[in-house]
Amino acid sequence: MPELPEVETIARNLREGRLGLQVPGQKIADISNDWRRQIAMPDWESFHEQLCGQTILDVQRRGKYLVFPCSKGTLLIHLRMSGDILLADHHQPAGGHEHTIFYFADGWSMRFSNTRKFGRVFYTTNPAAIYDKLGPEPLGDIFTANWFYSRLSRRKRKIKPLMMDQSFLAGMGNIYTDEALHRAHIHPERNADTLSFKEAETLWQYIRETLEEGIQRQGASIDWIYRGGDFQNAFQVYHRTGLPCPTCGTAIERILVGQRSTHFCPACQPETVP
DNA sequence: AGCGTCACCCGGACGC
DNA sequence: TGCGTCCGGGTGACGC
């Protein structure tokens, strides 16, 4: 479930050396892979041949992608739900879920651990083709209240799946969407075009506040994946089915919206359009 | 084009 | 205890 704040935290940790090694400046000496489908593009042989010898120049984030600009092209990693990036000594044996390992020239290695095999690795000289399929960054300048309202007003889809559509807005996942909708007092099944400007503006504000708080807390640690973050302690609705709403005390309900588990307060987030 | 549904995976929770 | 079954998470393919 790495969403924008979790991916941002991992990018910062790798960039700034908080995991014991600064990744920018590292030269890729070799790469191993024991599950070919993890390499989304190009084919494994080309991936290996083209990337070996390149130096990683930076670690960035776009949407939920980790972006590693290299000397000749760009390496991208999408963690999907159970992915993580580990740094370890060259000689440490591969863990059972470390399907792609980048061996650096100085003796360290960067490992893509991916328990449920949903994550994907990309190498391209044209990352813009990937970025072009994504909506704006929720914390960027393009995403304004006016932009949000004008786009919402053209869509009939339910607000929650639309917020999670990466081609609409890049970075929201199930957790931060449920939390932002609760803070904005908007029911997850409202049709997007029924939101007033005021509601859209409020939701816009809480999307940004929720993500910023998530980043400040270094993301959420849930299930067995612990990354050091503690946003899980700030959840008001997510994974709190039956517990009292922190705002009004009403029991939090869980429903399915677009096949996704959805948590909301029936009192704070009424379904009827005001 | 927009929208909904399903497959992809597997560790953990749950039921018996 | 051990076994079987279900669940969930993000995304792309697919159908309407």
Side-chain angles (χ1 to χ4, degrees), chain A residues 1-11 33-41 61-67 76-85 94-100 112-122 124 129-135 137-138 150-181 188-195 207 211 214 219-227 229 231-232 235 237-242 252-264:
Chain A
M1 46 234 60
E3 305 178 28
L4 188 154
E6 287 76 24
V7 179
E8 179 65 30
T9 299
I10 292 169
N33 172 275
D34 71 357
W35 197 65
R36 295 289 188 256
R37 281 169 60 194
Q38 189 163 74
I39 311 297
M41 72 184 302
R61 177 193 59 75
R62 174 73 172 96
K64 299 175 192 171
Y65 287 89
L66 279 170
V67 180
L76 299 100
I77 298 180
H78 197 303
L79 303 171
R80 294 275 183 101
M81 77 157 287
S82 60
D84 202 0
I85 303 290
H97 304 297
E98 297 168 9
H99 300 299
T100 303
F112 180 19
S113 173
N114 191 210
T115 310
R116 289 178 189 169
K117 291 186 171 178
F118 279 177
R120 292 292 182 266
V121 182
F122 308 73
T124 177
I130 291 173
Y131 305 155
D132 285 350
K133 294 174 189 165
L134 300 175
E137 286 291 322
S150 77
R151 298 304 174 112
L152 290 181
S153 65
R154 295 181 221 162
R155 306 291 291 264
K156 297 198 176 304
R157 205 173 176 187
K158 289 173 181 172
I159 184 66
K160 173 168 174 175
L162 183 59
M163 285 167 69
M164 292 176 63
D165 183 337
Q166 302 301 297
S167 67
F168 180 78
L169 186 63
M172 300 295 286
N174 212 32
I175 295 174
Y176 293 89
T177 300
D178 278 2
E179 293 296 324
L181 284 167
E189 295 187 291
R190 287 276 301 280
N191 291 323
D193 63 0
T194 68
L195 268 68
I207 286 171
L211 291 173
S221 304
I222 63 174
D223 290 352
W224 69 100
I225 302 177
Y226 179 72
R227 294 193 187 82
F231 185 70
Q232 68 278 11
F235 288 169
V237 288
Y238 186 78
H239 269 196
R240 296 194 67 248
T241 309
I252 299 301
E253 288 186 11
R254 176 184 171 279
I255 58 174
L256 282 183
V257 180
Q259 322 292 99
R260 314 319 302 245
S261 155
T262 298
H263 313 77
F264 73 106

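So you know, we letter chains A, B, ... as the sequences are listed, proteins then strands, and number each from 1.
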Whole Å only: how far is the [atom1] atom of [X] from the [atom2] atom of [N]?
X: A/R120; N: B/dC8; atom1: CZ; atom2: P; answer: 12 Å
X: A/N114; N: B/dC8; atom1: CG; atom2: C1'; answer: 12 Å
X: A/Y176; N: C/dG10; atom1: OH; atom2: C1'; answer: 15 Å
X: A/K160; N: C/dG9; atom1: NZ; atom2: P; answer: 8 Å
X: A/R116; N: B/dC9; atom1: CZ; atom2: P; answer: 13 Å

Which residues satisfy the side-chain hydrogen bond (donor to acceptor under 3.5 Å, both in side chains) test with [X], sequence neighbours excluded?
X: A/D34; answer: A/H99
X: A/K64; answer: none
X: A/N33; answer: A/R36, A/T100

Report yes or no: is the ring centroid of A/F118 under 5.5 Å from the six-membered base ring centroid of C/dG9, with the two planes under 30 degrees?
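Taking the rule of under 5.5 Å and under 30°, the ring of A/F118 does not stack on C/dG9.
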Can you name the residues that form a side chain to side chain contact (heavy atoms under 4.5 Å, CB included) with A/T241, not counting sequence neighbours?
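Per chain and number, A/T241 pairs via side chain to side chain contact (heavy atoms under 4.5 Å, CB included) with A/R254, A/H263.
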By side chain to side chain contact (heavy atoms under 4.5 Å, CB included), which residues pair with A/F235, not counting sequence neighbours?
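Side chain to side chain contact (heavy atoms under 4.5 Å, CB included) list for A/F235, sorted by chain: A/I175, A/E179, A/A220, A/I222, A/F231, A/Q232, A/Y238, A/R240.
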Go through the structure and list residues passing ring-ring contact (aromatic ring centres under 6.0 Å, His included) with A/F168, not counting sequence neighbours.
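Applying ring-ring contact (aromatic ring centres under 6.0 Å, His included) to A/F168 gives A/W147.
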List for me each residue that meets ring-ring contact (aromatic ring centres under 6.0 Å, His included) alongside A/H97, sequence neighbours excluded, and say none if there are none.
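Checked A/H97 against ring-ring contact (aromatic ring centres under 6.0 Å, His included); zero matches.
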Nearest to the side chain of A/E3, heavy atoms from C-beta on, is which of B/dC9, B/dG11, C/dG10?
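For A/E3, the side-chain atoms sit closest to C/dG10.
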From C-beta outward on A/S261, which listed nucleotide comes closest to its side chain: C/dG9, B/dC9, B/dG11?
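So the nucleotide nearest the side chain must be C/dG9.
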Tell me, with the steps shown, if A/F264 and A/V257 meet side-chain contact (heavy atoms from CB on, under 4.5 Å).
CA-CA 11 Å; A/F264 73 106; A/V257 180; over 6 Å; no
A/H97 side-chain N/O to B/dG11 phosphate OP1/OP2 under 4.0 Å:
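Indeed, a polar side-chain atom of A/H97 lies that close.
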Quick check on C/dG9: is either OP1 or OP2 less than 4.0 Å from any side-chain nitrogen or oxygen of A/H239?
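Yes.
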For A/R120, all residues meeting salt bridge (Lys or Arg N to Asp or Glu O under 4.0 Å), sequence neighbours excluded:
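For A/R120 there are no salt bridge (Lys or Arg N to Asp or Glu O under 4.0 Å) partners, ignoring immediate neighbours.
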Suppose we screen for salt bridge (Lys or Arg N to Asp or Glu O under 4.0 Å). Which residues come up paired with A/E137, at least two apart in sequence or across chains?
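With sequence neighbours excluded, A/E137 shows a salt bridge (Lys or Arg N to Asp or Glu O under 4.0 Å) to A/R61, A/R62, given in chain and number order.
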Are side-chain heavy atoms of A/Y176 and A/I207 found at a separation under 4.5 Å?
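Result no, sub-4.5 Å side-chain heavy-atom pair not found.
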Taking only N/O atoms, report every protein-nucleotides 11-14 of chain C pair under 3.5 Å with atom names and distance.
{"residue": "C/dT11", "atom": "OP1", "partner": "A/H78", "partner atom": "NE2", "Å": "2.5"}
{"residue": "C/dT11", "atom": "OP2", "partner": "A/K64", "partner atom": "NZ", "Å": "3.0"}
{"residue": "C/dT11", "atom": "OP2", "partner": "A/Q166", "partner atom": "NE2", "Å": "3.3"}

Divergence of helical axes at both termini of the helix from B/dG2-C/dC16 to B/dC16-C/dG2 - five pairs an end, 10° steps:
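It comes to 50° between the two terminal axes.
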Would you list the protein and nucleotides 1-5 of chain B atom pairs, both N or O, that sit under 3.5 Å from each other?
{"residue": "B/dC3", "atom": "OP1", "partner": "A/K156", "partner atom": "N", "Å": "2.8"}
{"residue": "B/dC3", "atom": "OP1", "partner": "A/R157", "partner atom": "N", "Å": "3.2"}
{"residue": "B/dC3", "atom": "OP2", "partner": "A/R155", "partner atom": "NE", "Å": "2.5"}
{"residue": "B/dC3", "atom": "OP2", "partner": "A/R155", "partner atom": "NH2", "Å": "2.7"}
{"residue": "B/dG4", "atom": "OP2", "partner": "A/R157", "partner atom": "NE", "Å": "3.3"}

